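Here's the structure, in structure tokens; my notes come after.
If you read the sequence from its start, that first residue is 1, and numbering goes on from there. Every number for a ligand or one of its atoms is a count from 1 in the order of the listing. No experiment lies behind these values; they were computed from the predicted model shown. Any value given below was found using the heavy atoms of this structure, including those in side chains, with hydrogens, waters and symmetry copies removed.
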Amino acid sequence: MKKYLTIAVFAVLVLSCSTNPFTGKQTLNFHSNAEIFPTAFAEYDKFLNTHEVIKGTEAAATIQRVGKRLTKAAELWFNANGYQGYLDDYKWEYNLVADDAVNAWCMPGGKIVFYTGILPICQNDAGVAVVMGHEIAHALVNHGAQRMSASALQQYVGLAGNVALGASGSSAQTINIFNQAYGIGSQVGVMLPFSRNHETEADAIGLRIMAIAGYDPTEAARLWERMSANSGGSQPSEILSTHPSNQSRIANLRSLAPAAKAEASKYGVTSFE
Ligand SMILES: [Zn+2]
């Protein structure tokens with residue numbers, strides 16, 4: 001009996017792999033967009049309804065402007081690399097909320113929030129693009145869904161062959177795992193840390209997207225240095241708790257910038273702001 005259960009688990013794992021379009025690597029993912037996005041969209045609306053969303057200011061316009069350029073760049077990249085339709089289910093939104101926390105995030109399906117507290121550190125459009133590009137990258141390659149899958153695997157591996165994991169629709173179980181994976185509940189909108197691998201991956205993808213959008217990828221190292229320097233301040237720095245900006249991370253960002261610029265040139269982008 002045990003043997004069959006093991007085979008069943010193995011089959012579920014094999015069927016549950018998806019390819020990361022940027023790295024070509026196979027990743028564990030039990031959760032389809034169709035399953036996750038409705039939950040993410042509902043949680044996003046809930047968040048906006050309970051926070052002060054800023055409209056009609058220059059800062060709010062900046063978030064919209066940078067967001068639309070990055071989205072366009074991501075579309076260009078997917079279309080040029082054989083992934084037409086990859087973003088079809090995305091419903092991009094770029095909102096600024098009045099909150100002193102140094103934070104920003106992107107939920108699955110392209111639901112972005114910037115907090116006003118992070119803007120002084122971003123300083124300019126390229127700085128906003130660094131942060132947003134990184135957060136979008138987590139969403140584009142389903143890092144959250146991978147984390148959900150890993151936690152589901154931990155919880156359910158004992159119940160070998162629990163193929164209900166792949167069921168579609170926002171079941172109570174899915175919502176529960178989603179909330180755990182995104183830290184929603186006790187602290188709404190505060191994301192749990194991704195693994196170091198996911199962080200490095202999001203850095204690299206974010207740089208490429210921002211460069212294709214015409215933003216200078218060399219700003220990334222400077223942005224995270226500013227973030228580091230700010231960590232001694234009085235404002236809570238949520239994003240630093242999940243994005244430790246050590247010297248090796250900053251050096252890595254610096255070393256990847258030329259390749260990001262070279263990739264952008266394939267799209268006719270040769271000058272950067
Ligand atoms: Zn990150």
Rounded to the nearest 0.5 Å, how far does CD of Glu135 lie from NE2 of His243?
4.5 Å
Restricting to N, O or S, what is the name of the atom of His134 that lies nearest the Zn ion (ligand 1)?
NE2
So does His198 have any N/O/S atom less than 2.8 Å away from the Zn ion (ligand 1)?
no
Hey, what's the angle at the Zn ion (ligand 1) spanning NE2 (His243) and OE2 (Glu199), nearest 10 degrees?
100°
Do the ring planes of Phe22 and Phe78 sit parallel (below 30°), tilted (30 to 60°) or perpendicular (above 60°)?
perpendicular
So, 2.8 Å as the limit: is an N/O/S atom of Glu135 located closer than that to the Zn ion (ligand 1)?
no
N, O or S from His138 under 2.8 Å to the Zn ion (ligand 1):
yes
Distance, nearest 0.5 Å, that separates CH2 of Trp224 from CG of Leu253:
8.5 Å
Is Glu199 salt-bridged to Arg196, going by a charged N under 4.0 Å from an acidic O?
no
Can you give me the closest heavy-atom contact between Ile112 and Phe114, atom names plus distance?
CG2-CD1, 4.0 Å
